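Every value quoted in this text rests on a predicted model; they were computed, and no experiment measured them. Chain A is the first sequence line, chain B the second, and so forth, proteins listed ahead of strands; every chain is numbered from 1.
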Protein chains: 2
Amino acid sequence: MSENNEYTPPKVWKWDAENGGAFAKINRPIAGATHDKELPVGKHPMQLYSLATPNGVKVTVMLEELLALGHTGAEYDAYLVNIGEGDQFGSGFVDANPNSKIPALVDHSTDKPTRVFESGAILLYLAEKFDAFLPKEPAARTECLSWLFWQMGSAPYLGGGFGHFYSYAPVKIEYCIDRFAMEVKRQLDVLNRHLADKKYMCGDEYTIADMAIWPWYGAVVSNTVYEAAEFLSTHEYTHVIRWTKDISERAAVKRGRMVNRAWGDPSSQLRERHDADDFETKTQDKLEPDNNDK
Amino acid sequence: MSENNEYTPPKVWKWDAENGGAFAKINRPIAGATHDKELPVGKHPMQLYSLATPNGVKVTVMLEELLALGHTGAEYDAYLVNIGEGDQFGSGFVDANPNSKIPALVDHSTDKPTRVFESGAILLYLAEKFDAFLPKEPAARTECLSWLFWQMGSAPYLGGGFGHFYSYAPVKIEYCIDRFAMEVKRQLDVLNRHLADKKYMCGDEYTIADMAIWPWYGAVVSNTVYEAAEFLSTHEYTHVIRWTKDISERAAVKRGRMVNRAWGDPSSQLRERHDADDFETKTQDKLEPDNNDK
């Protein structure tokens, strides 16, 4: 690996599988399955295969919000996909999402099971299926979808750009950190100006645009990813901070962020979710951390 | 600028506006307008403010396809946004798209003009408005939208990642080129496997998923961006190449890629588009390159 000015790319790029860094097991230049493995299927209409990264949390929050509104058709089983172990390259997962990324949803309430992949597509699918969290008035619906797509096109600069080069890359490269820090600050400022006179992204109504944006940009300003709040001076984005706090306090959001979580405080982890009661057990864990005393 | 292993990021990132490289004029860490400038408004229902980058071409192709189907409500004026000169930071453009990126569409056929931003959102808006290029059968519609969102989340690794570090960055950084070359090859392989048994992304029907994906991935395999076809061994992706060629031959696509183009062969450039006849003049230019002879 060289980061000096004298590097000249070869005529033809070759995969050096031995030298792929910390992510060699999960980043590959080829698609498709590496091994046969069927996906488990539980009892509920919605089957989710995911992990509690920001993209995963978007969907578990949406499902919990739908259930909180009484949409029993949104009942779901959530299975953990361990991307560090290559679960996303199992044949069943690739059938559900040929892009081998979490989250993947399979709706078993349709005539034939329907696969839905890409977190933004899943949010839109569920919003339309249950007629919820997407404004009905045409101009408001359009604005909501513009912001939903904004999140999809912008967050790669936050996650695959800034987060990677600031936190995960094996070497700190000034040019890359500068490039992506500038872009992430611009994106935060876009949100901050927009939220200056609005409760939520689309006005007074909490929508899938909020559910898409909050897990990424809310995590940056509350310093729960990358530990970059000081570096990025996120205290400047006061409207984003207020909006983040409002959303964080929603009961469905608190539940959604626990699902498929496989790190942090054990009481914050609900690695698989198959029943609404699963959370109550975890909440008891949290209130009474030492269950052995009972 | 340093690319050696000893770089340690500061506690707090600061904008060095003087040292921003070739993109200093267009990349900023703050959002909002830099100057007052109203957007021009022409005579047609649809007003487009754009540039013939892949994201811009998505929308001009869609508008030309809609017009080819007879949807006169898709008639449009297309104004050039010179991003190198900062047109995207004019107050009128920021009102149309607070993210200051092309393309931005304003629909004047609605009660009040409706702004739509993000190329994927614009494609979906137009598909729903004119009931075209989006499958009606629910499972097929869902699949189409999954691929539409796939493109939005994937192309930043192609454009802002690979393209930037391979072609545009002031220094060639091996780690970055490796990282993004691997991901772009994976994405091309996702498409190649998917297209192996399909005419278009969603089967026999040409949809907005094709219109979103073709301008980016078709350009890579036909070597019209980044000059990286050999480097990425794009000849391997035979199904993507076949699909790219099929789409490139559509008359509406040939027109769409000319609109708001401000580089290359002058006869390929229709810098502003206000009338269907504008193309005929250009085609004559192309057949008779030396108009001074006439």
Toward chain B, the part of A:T110 with a non-hydrogen atom under 4.5 Å | neither
Working to the nearest 0.5 Å, report the span between CZ of B:R179 and NE2 of A:H164.
-> 3.5 Å
Side-chain contact, heavy-atom cut-off 4.5 Å: A:E230 with B:V12?
-> yes
Whatever's closer than 4.5 Å to a heavy atom in chain B on A:E143 counts as side chain
A:F231 side, atom CZ; B:K14 side, atom NZ - distance, nearest 0.5 Å = 11.0 Å
Please look at A:I122 and chain B and tell me whether the side chain, the backbone, both or neither of the residue comes under 4.5 angstrom of a heavy atom of that chain.
-> neither
Do B:E128 and A:R141 sit within salt-bridge range, that is, some charged N less than 4.0 Å from a carboxylate O?
-> yes
About how many Å separate CZ of B:F149 and CE of A:M152, when rounded to the nearest 0.5 Å?
-> 6.5 Å
Between chain B and each of A:Q187, A:R115, A:H194, count heavy-atom pairs under 4.5 Å; write down the option with the most.
-> A:R115
Just wondering, are more than 12 heavy atoms of other shown residues or ligands nearer than 6.0 Å to CG in B:D111?
-> no
Looking only at heavy atoms, which two atoms of A:P29 and B:D189 are closest? And how far apart?
-> O-CB, 4.4 Å
A:M182 vs B:W13 side-chain heavy atoms within contact, under 4.5 Å = yes
Quick one: do A:Y7 and B:V171 satisfy side-chain contact (heavy atoms from CB on, under 4.5 Å)? Show the steps, please.
-> CA-CA 8 Å; A:Y7 171 66; B:V171 56; over 6 Å; no
Residue A:D178 versus chain B: region with a heavy atom under 4.5 Å = both
Under a 4.5 Å heavy-atom cutoff, which of B:V94, B:V116, B:T114, B:L232 has the most pairs with chain A?
-> B:V116
So, does A:R186 use its side chain to make a donor-acceptor pair with the main chain of B:N99 at under 3.5 Å?
-> yes
Indicate the atoms forming the closest heavy-atom contact of A:L145 with B:A121, along with that distance.
-> O-CB, 3.9 Å
Side-chain heavy-atom pair A:P98, B:R193 within 4.5 angstrom cut-off = no
Of B:G153, B:A31, B:G120, the largest count of non-hydrogen pairs under 4.5 angstrom with chain A goes to B:A31
So do A:Y175 and B:F165 actually touch side chain to side chain, heavy atoms under 4.5 Å?
-> yes
Test item: A:S146 side-chain N/O and B:F117 main-chain N/O as donor-acceptor pair under 3.5 Å = yes
Per-residue tally against chain B (heavy atom, under 4.5 Å) across A:S154, A:G160, A:A155, A:S119 peaks at A:G160
Heavy-atom proximity to chain A below 4.5 Å, by part of B:K112 = neither
Does atom CD of B:E227 have more than 12 heavy-atom neighbours from other groups under 6.0 Å away?
-> no
Where on A:P138 is there a heavy atom nearer than 4.5 Å to chain B: the side chain, the backbone, both, or neither?
-> neither
Turns out that what part of A:Y125 lies under 4.5 Å from chain B's heavy atoms comes down to side chain
Looking at B:A139, B:S233, B:P9, which makes the most heavy-atom pairs under 4.5 Å with chain A?
-> B:P9
Which value, rounded to the nearest 0.5 Å, describes the distance between B:L188 atom CG and A:I30 atom CD1?
-> 13.5 Å
